[in-house]
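Encoded as structure tokens, the structure appears first; notes follow it.
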Amino acid sequence: MFRIAAVIAKNFNDRVIAPSLLAADFSRIHEEVSRAIHAGADWMHLDVMDGHFVDNISFGPAIVQTVHETNDIFLDVHLMISRPDHYLQRFIAAGSDLITVHVEADHDVAETLRRIREAGCQVGLALNPATPISAVEPFLDQIDLLLCMTVVPGFGGQAFMPEVLEKIQAAVKIRETKNLSYHVEVDGGIDAVTAARCYAAGANVMVAGSSTFRAPDMAAAVTAIRNA
Ligand code: DX5
Ligand code: ZN
């Protein structure tokens, strides 16, 4: 499919809303992604889980490729897998626009980030709520996006963890002090109320599963998160 959405602006005041496919109806993936696009989604967030790094199994490269081929939207692929280095090439080939790997996973982080960049994808790095910001600091000059998990990853529908707000503030401060360039994304328990707290802390990319796909009016839900 002809693609026009593969460029992301590096303006960290721009709010980006990324509904998570995990909360969609899996029997109608094409229609669900179209519904998100019509509701005003900027990116589609795709949660890949291997049953190892997290205690759940979701989907792999075939579904990423299906979304890529059936809709035109920026694909924000979140790899919650133990060996991102081993599977990376398949997610690149599937049509990912941005690939986020976890700093806690079992790989040479700098090398994986370098390979994502070399493949022409945007580069994301994620950290769990319990992981300190110091764990990602050596890699911040390699990335386009830092994903601060606001739940323990694995499942949709969990409650937002407000203790992560401090880490978001720290990530923004480091970006300013060191003149670096990355979006700060939050993921887990995001709705209009928690999004407002995350914007205030300096995050600009909101991943939202349950609060968008399961809302009675998805467009209203996306707008509410954007204007929170
Ligand atoms: C959690 C996933 C999230 C999840 C968010 O492990 O990384 O992207 O889909 O779901 P909600 O928005 O329902 O918390
Ligand atoms: Zn996610």
Side-chain angles (χ1 to χ4, degrees), residues 15-26 29 32-33 35-36 39 41-61 63-64 67 73-82 84 87 91 96-105 122-131 136 143-165 167-168 183-199 203-216 218 220-222 224-226 228:
R15 296 180 170 187
V16 176
I17 315 302
S20 169
L21 189 70
L22 198 63
D25 178 349
F26 279 14
I29 287 179
E32 287 287 79
V33 176
R35 189 161 73 91
D42 301 295
W43 299 355
M44 185 58 48
H45 184 83
L46 304 182
D47 286 306
V48 176
M49 305 177 178
D50 66 353
H52 218 283
F53 184 75
V54 292
D55 187 28
N56 196 6
I57 300 175
S58 58
F59 50 77
I63 295 294
V64 176
V67 176
I73 185 166
F74 186 92
L75 300 186
D76 169 26
V77 176
H78 178 194
L79 297 184
M80 286 162 278
I81 63 179
S82 293
Y87 292 98
F91 288 98
S96 307
D97 291 299
L98 184 153
I99 298 180
T100 296
V101 295
H102 270 263
V103 71
E104 303 89 353
Q122 300 280 324
V123 184
L125 185 61
L127 73 175
N128 288 336
T131 305
V136 295
I143 63 174
D144 300 296
L145 176 142
L146 182 70
L147 167 52
C148 295
M149 290 304 303
T150 44
V151 296
V152 176
F155 297 90
Q158 303 183 76
F160 175 79
M161 296 170 66
E163 56 268 41
V164 179
L165 290 167
K167 191 156 61 183
I168 295 167
H183 295 275
V184 176
E185 179 178 65
V186 287
D187 181 7
I190 300 297
D191 58 18
V193 173
T194 54
R197 301 180 72 182
C198 293
Y199 290 133
N204 69 305
V205 183
M206 302 290 134
V207 175
S210 317
S211 72
T212 57
F213 274 106
R214 310 246 163 117
M218 191 175 189
V222 170
I225 294 170
R226 193 183 302 286

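Both ligands and their constituent atoms are indexed starting at 1 by order of listing.
- For ligand 1, the atoms sitting less than 4.0 Å from at least one non-hydrogen atom of G188 are 14 (O), numbered in the order shown with element in parentheses.
- Under a 4.0 Å N-O distance rule, the pair D42/R15 does not qualify as a salt bridge.
- Note that CG of L145 and CH2 of W43 are 5.5 Å apart. Values are rounded to the nearest 0.5 Å.
- Counting only heavy atoms of the protein, atom 10 (O) of ligand 1 lies nearest to G156 CA, 3.5 Å.
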Does the pair T194 and D191 meet the rule for a side chain to side chain donor-acceptor pair (under 3.5 Å), with working shown?
CA-CA 5 Å; T194 54; D191 58 18; 3.1 Å; yes

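- If you check which protein heavy atom lies closest to atom 11 (P) of ligand 1, you get G157 N, 3.6 Å.
- Below 4.0 Å from some heavy atom of M80 lie the following atoms of ligand 1, by number and element: 6 (O), 7 (O).
- Atoms of ligand 1 found under 4.0 Å from any heavy atom of H78, numbered from 1 in the order shown, are 7 (O).
- With waters neither drawn nor counted, the protein N/O/S atoms under 2.8 Å from the Zn ion (ligand 2) amount to 4.
- By the neighbour-count criterion of 12 heavy atoms within 6.0 Å, atom CG of D25 is densely surrounded, having more than that number from other residues, nucleotides or ligands.
- Here the side chains of E185 and V207 are in contact, with some heavy-atom distance below 4.5 Å.
- Note that CG of L165 is 5.5 Å distant from SG of C198, once rounded to the nearest 0.5 Å.
- Taking a 6.0 Å sphere around CZ of F155, one finds it holds more than 12 heavy atoms contributed by other residues, nucleotides or ligands.
- To the nearest 0.5 angstrom, D50 atom CG is 10.0 Å from N56 atom CG.
- Here the protein heavy atom with the shortest distance to atom 5 (C) of ligand 1 is D187 OD1, 3.5 Å.
- For ligand 1, the atoms lying closer than 4.0 Å to a non-hydrogen atom of P153 are 6 (O).
- Protein heavy atom at the shortest distance from atom 12 (O) of ligand 1 is G209 N, 2.8 Å.
- Proximity of M49 to ligand 1 is established by a heavy-atom distance of less than 4.0 Å.
- The closest protein non-hydrogen atom to atom 13 (O) of ligand 1 is S210 OG, 2.4 Å.
- In this structure, atom 6 (O) of ligand 1 lies nearest to the protein heavy atom G154 N, 2.7 Å.
- Close approach of ligand 1 to A208 (heavy-atom distance below 4.0 Å) involves ligand atoms 12 (O).
- One distance of note links CD1 of I143 with CG of L98; it measures 10.0 Å at 0.5 Å rounding.
- Close contacts of ligand 1 with M149, meaning ligand atoms under 4.0 Å from a residue heavy atom, involve 7 (O).
- Counting only heavy atoms of the protein, atom 1 (C) of ligand 1 lies nearest to F155 O, 3.7 Å.
- Between S96 atom OG and L46 atom CG the span is 7.5 Å, to the nearest 0.5 Å.
- In plain terms, the two heavy atoms of L79 and P84 that are nearest each other are CD1-CB, 4.4 Å.
- Pairing each heavy atom of G154 with each of M80, the nearest pair is N-SD, 4.4 Å.
- The proximity of S20 to ligand 1, defined as any non-hydrogen pair under 4.0 Å, is limited to the side chain.
- Partners of F53 by ring pair (Phe, Tyr, Trp, His ring centres under 6.0 Å), not counting sequence neighbours, listed by chain and number: H102.
- A 4.5 Å side-chain heavy-atom check between V184 and V205 finds every atom pair outside the cut-off.
- Near H45, meaning under 4.0 Å from any of its heavy atoms, are these atoms of ligand 1: 8 (O).
- Going from atom NE2 of H183 over to atom CG of L146 covers 12.0 Å, rounded to the nearest 0.5 Å.
- Using a 4.0 Å heavy-atom cutoff, G189 is listed among the residues neighbouring ligand 1.
- Taking a cut-off of under 4.0 Å to the non-hydrogen atoms of L22, the atoms of ligand 1 that pass are 9 (O).
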